[in-house]
Amino acid sequence: MSVSQVQEPHPADAIRSPRPPQFPALPDPRLVFEIEQFLYREARLLDEERYEEWLGLLTEDVHYWMPGIQARYRNDTSGGPISERMAFYDDDLLNLRRRVTRFMHATAWAEDPATRACHIINNVEVELTDTEGDYRVYSTFVNCRGRNEAEESWLAGRRTDLLRRDAEGALRLARREIYITQTVLLAKNLNVFL
Amino acid sequence: MSVHDEAPEGMTRLIGADEVREGDVRKVRLAGVEPIAVCRIDGGYFATQDGCSHAKASLSEGWIEGHDICCPVHDGRFDVRDGRPMCFPATDPIRTFPVQVIDGTVFADLRGARTDQEVSA
Amino acid sequence: MSEQLEEEVWARPSAESLRQLVDLQKGRISPRIFWDDAIYRLELERIFARCWIFVAHESQVASPGDFLTTTIGEDGVIVARGNDGQVRVFLNACPHRGNRVCFAEAGNARRFTCNYHGWAFGRDGALLGLPAEEIYEKTCPDFDKSELGLMQARVASYKGLLFATFDPAAPSLDDYLGDYRWYLDVILDTDEGGTEFLTGNIKSWIDCNWKVPAENFVGDALHAQWTHNSGAVAMLGSGVGKAKQDSVYQANTNGHGMQFGFDMVGNIMTLGEPELVQYIRERETLVAERLGKVRSRMVAAMGSATLFPHFSFLAGLNTIRTWNPRGPHRTELHTWVLVNKDAPASLKAKYRRGVMRTFSPSGTLEMDDGENWENATRTAAGVVARRQKLHYGLGLNSKVEHEELPGNVHLRKFNDSNQRAFYGRWLDLLCAEDWSQVPGGR
């Protein structure tokens, strides 16, 4: 078939004449910098297993949610991850404390030798919300865990956080939603916060 | 017997209007003519060929969405108003037939229809 | 329904060689059973393609068109409710070129259409139609659509649990479960309204042989106070309590087993949700009316269970899980949460969160299990390690008669008797060429 005979596809209007997306106005770069540093420091606390300090970054009413991911057809009307479905994490502060209690216990056998975790945080975007001092923050992560000699486990995902400035002016994590790319968790456990 | 058992010029009686529920489709078999699908959308009646133009399937075993009749086998869709194929895997149109509803009876002009021998060949 | 299909020809391990690996009299087992490729292949044939395998809870496919995909051994299957209300299980492999037909893990579908050539199958698995059907009709003398549906398994249910088998010679599900139904009722029949699975299904890979976790749940009470000390400290504020031995039993039948006490709430305490403990206590009289006093004290008591081969649960704590084989050294764990259908929504939410935070890949108790199970498998890579016979000799003299407990009953919590029974069943099935050679035929 000669080139001239190849027919142009007939894209939908939105493809033929795409419109640029409407992003909210960029916030003050000092705020973006502050939030990026908050996320990086948080990640380092987790990598260094400084869990008590990590708990100190959370608000009293924190909700930490990592839903299970299912492969469903696009026409499935039940939608994406929903709160009624089972989740890897669906925790308040009490239950995050319980997890930290286990992580730090001398008989947490799967933590000894220590799991070596590295959180790589990227694609940080900050949006102002209708509430003064509340910030919606998008980020992505890659997490690598090494165990014993040659065990390695990788996770990647997207996060949507709600960060809140407390009365003393410090940033705190009030809500985190974590969406990983795996439907079957390709690891024996999830002994890490993301 | 109603007066309209006698069909108007060029029209063939298909089915009682109240035998097709709103948003539904029924199959009509008449001697010598290909099977006809009759559907009712927003109170209006439409008649098309019943056999899908893609593979072997009876469209009246499918369902109606908007003005489309949807094939139960491969999800092909056809606009019942003009028979044009609306999505993959349908590529060829289906035949449609002009309809008249007279005193509770649905009639259609089936002069463009195939014979039952032609469609089964 | 499935017909007996031709078996492959290959060099199967002999019954004699298999019996040398498992010494039930002395309680010694060779690690080869966790490592060997030929044994694994034989398990897929003689256990997973032969036994009644749990595939779904009826609540997961409640309405016509509801479906889910899962596996029987390494065979993918679709579980779907038809327009006639009947649940069917069919092979998720097109009879045309063998491609997987359904790729979603759950949903509602009018039909299942193969991506490869567009063969379309109904909710009942029958071939509805295919592109170029008229050419098939003209050029294939034996073309018969009615013979080209998705291959169907036999399906049977017990109080909401759906099981399937592709073996037409398998005994009835009731015979397969036998006395174990009495124990299953402890989770399935404590309430008039029956049970349901909460929505969702958490899946994960554990690089262990599937039998390692299955035998752990069938009767390994011993590991709890050691393995799970950190989890118990986290959830209860103290370690796993020192276990009573003299009023705790292990019972098994047809290789299915449960170890349990009569403390009523030991398992559910672990969830860290006081309202759930309260719920169990409040219902004691009601449950006693349904199931009798003995079982009313078992509903959420400390214990664990496996229905042979790969379905495990913790009564009252209500984690349900299957250990799906993915090669001799990999298991795909599927977990669900079981609740009484008529339980208040607020309690169902507490079950969902509580079960996930204790018994799931991120669970405070389960996290330490995976580590053990992987390494209990991995060591068998060693020639010398495989020569070592593992000790399964606990409680060899513990068999008792109990007037209310059916099946083979053994006294004392720390006991390998259920695990020996599990491997006894495993050996019986592996050595039998068909169901007629399985002792008792069931």
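Since the structure is predicted, the reported quantities are computational estimates derived from the model, not experimental observations. The chains referred to below are lettered A, B, ... by the order of the sequence lines, with proteins before strands, and numbering in each begins at 1.
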Colleague: With a 4.5 angstrom heavy-atom cut-off, could you sort out which part of A:A108 is near chain C: side chain, backbone, both or neither?
Modeller: both
Colleague: What's the spacing between C:T364 OG1 and A:R98 CZ if we round to 0.5 Å?
Modeller: 8.5 Å
Colleague: Measuring from atom CG of A:N95 to atom CD of C:E273, what distance do you get when rounded to the nearest 0.5 angstrom?
Modeller: 6.5 Å
Colleague: For the CZ atom of C:R357 and the OH atom of A:Y89, what is their distance to the nearest 0.5 Å?
Modeller: 12.5 Å
Colleague: With a 4.5 angstrom heavy-atom cut-off, could you sort out which part of C:W373 is near chain A: side chain, backbone, both or neither?
Modeller: neither
Colleague: Does C:R378, at its CZ atom, have more than 12 non-hydrogen atoms belonging to other residues, nucleotides or ligands within less than 6.0 Å?
Modeller: no
Colleague: Determine whether more than 12 heavy atoms belonging to other residues, nucleotides or ligands lie under 6.0 Å from atom CD of A:E60.
Modeller: no
Colleague: State, to 0.1 Å, how close A:Q70 and C:N201 come at their nearest heavy-atom pair, and which atoms those are.
Modeller: NE2-N, 3.8 Å
Colleague: Quick one: CG on A:L194 to OG on C:S362, what's the gap to the nearest 0.5 Å?
Modeller: 10.0 Å
Colleague: Between A:A106, A:S83, A:A110, A:G68, who has the most heavy-atom pairs with chain C when the cutoff is under 4.5 Å?
Modeller: A:A110
Colleague: Is it true that, when you exclude A:R16 itself, more than 12 heavy atoms of the residues, nucleotides or ligands shown sit nearer than 6.0 Å to its CZ?
Modeller: yes
Colleague: Is it the case that over 12 heavy atoms from other parts of the model lie below 6.0 angstrom from the CZ atom of A:R158?
Modeller: no
Colleague: So do C:D207 and A:K188 actually touch side chain to side chain, heavy atoms under 4.5 Å?
Modeller: no
Colleague: Is it the backbone or the side chain of C:N372 that comes under 4.5 Å from a heavy atom of chain A, or both, or neither?
Modeller: neither
Colleague: Report, as yes or no, whether the 6.0 Å neighbourhood of atom CZ on A:F33 holds more than 12 heavy atoms from other residues, nucleotides or ligands.
Modeller: no
Colleague: Side chain, backbone, both or neither: which part of C:E332 has a non-hydrogen atom closer than 4.5 Å to chain A?
Modeller: side chain
Colleague: Check each atom of C:F197 against the heavy atoms of chain A and say whether the ones under 4.5 Å are side chain, backbone, both or neither.
Modeller: neither
Colleague: Taking all heavy atoms of A:F88 and all of C:P361, pick out the closest pair and write down the distance.
Modeller: CE2-CG, 4.1 Å
Colleague: Stepwise, does the salt bridge (Lys or Arg N to Asp or Glu O under 4.0 Å) test hold for A:D90 with C:R352?
Modeller: CA-CA 9 Å; A:D90 190 356; C:R352 174 167 47 78; 3.0 Å; yes
Colleague: With a 4.5 angstrom heavy-atom cut-off, which part of A:E151 approaches chain C: side chain, backbone, both or neither?
Modeller: side chain
Colleague: Working to the nearest 0.5 Å, report the span between NZ of C:K348 and CD of A:E84.
Modeller: 12.0 Å
Colleague: Sort A:N75 into side chain, backbone, both or neither according to what part of it lies under 4.5 angstrom from a heavy atom of chain C.
Modeller: neither
Colleague: Can you say whether C:E374 sits under 4.5 Å from chain A via the side chain, the backbone, both, or neither, judging by heavy atoms?
Modeller: side chain
Colleague: Check whether C:T335 gets within reach of chain A through its side chain, its backbone, both or neither, counting any heavy atom under 4.5 Å.
Modeller: both
Colleague: Go through the atoms of A:I69 and report whether side chain, backbone, both or neither lie under 4.5 Å from a heavy atom of chain C.
Modeller: backbone
Colleague: Could you check whether atom CZ of A:R175 has more than 12 heavy atoms from other residues, nucleotides or ligands sitting under 6.0 Å from it?
Modeller: no
Colleague: Looking at C:N108, C:L198, C:T227, which makes the most heavy-atom pairs under 4.5 Å with chain A?
Modeller: C:T227
Colleague: Under a 4.5 Å heavy-atom cut-off, does chain A meet the side chain of C:C102, its backbone, both or neither?
Modeller: both
Colleague: Write down the atom of A:Y73, the atom of C:V101, and the distance for their closest heavy-atom approach.
Modeller: OH-O, 4.1 Å
Colleague: Hey, is CG on A:L26 packed in by over 12 heavy atoms from elsewhere, all under 6.0 Å?
Modeller: no
Colleague: Near A:R116 CZ, under 6.0 Å, is it more than 12 heavy atoms from other residues, nucleotides or ligands?
Modeller: yes
Colleague: For the residue pair A:L185 and C:I202, establish whether any side-chain heavy-atom pair is separated by less than 4.5 Å.
Modeller: no
Colleague: Among C:S204, C:G107, C:G370, who wins on heavy-atom pairs under 4.5 Å with chain A?
Modeller: C:S204
Colleague: So which atom in C:S230 and which in A:H105 form the shortest heavy-atom distance, rounded to 0.1 Å?
Modeller: CB-CB, 3.9 Å
Colleague: Could you check which of A:L94, A:N191, A:L190, A:T183 has the highest count of heavy-atom pairs closer than 4.5 Å to chain C?
Modeller: A:L190
Colleague: I'd like to know whether A:F103 forms a side chain to side chain contact (heavy atoms under 4.5 Å, CB included) with C:M367, so could you lay out the CA-CA distance, the side-chain angles of the two residues, the decisive distance to 0.1 Å, and finally the verdict.
Modeller: CA-CA 10 Å; A:F103 280 146; C:M367 261 189 254; 4.1 Å; yes
Colleague: Closer than 3.5 angstrom, by distance alone: can the side chain of C:D368 be matched with the main-chain N or O of A:W109 as a donor-acceptor pair?
Modeller: yes
Colleague: As an exercise, state the distance from CE of A:M86 to OH of C:Y351, rounded to the nearest 0.5 Å.
Modeller: 14.5 Å
Colleague: Does the pair A:R147/C:E371 count as a salt bridge with the N-to-O cut at 4.0 Å?
Modeller: yes
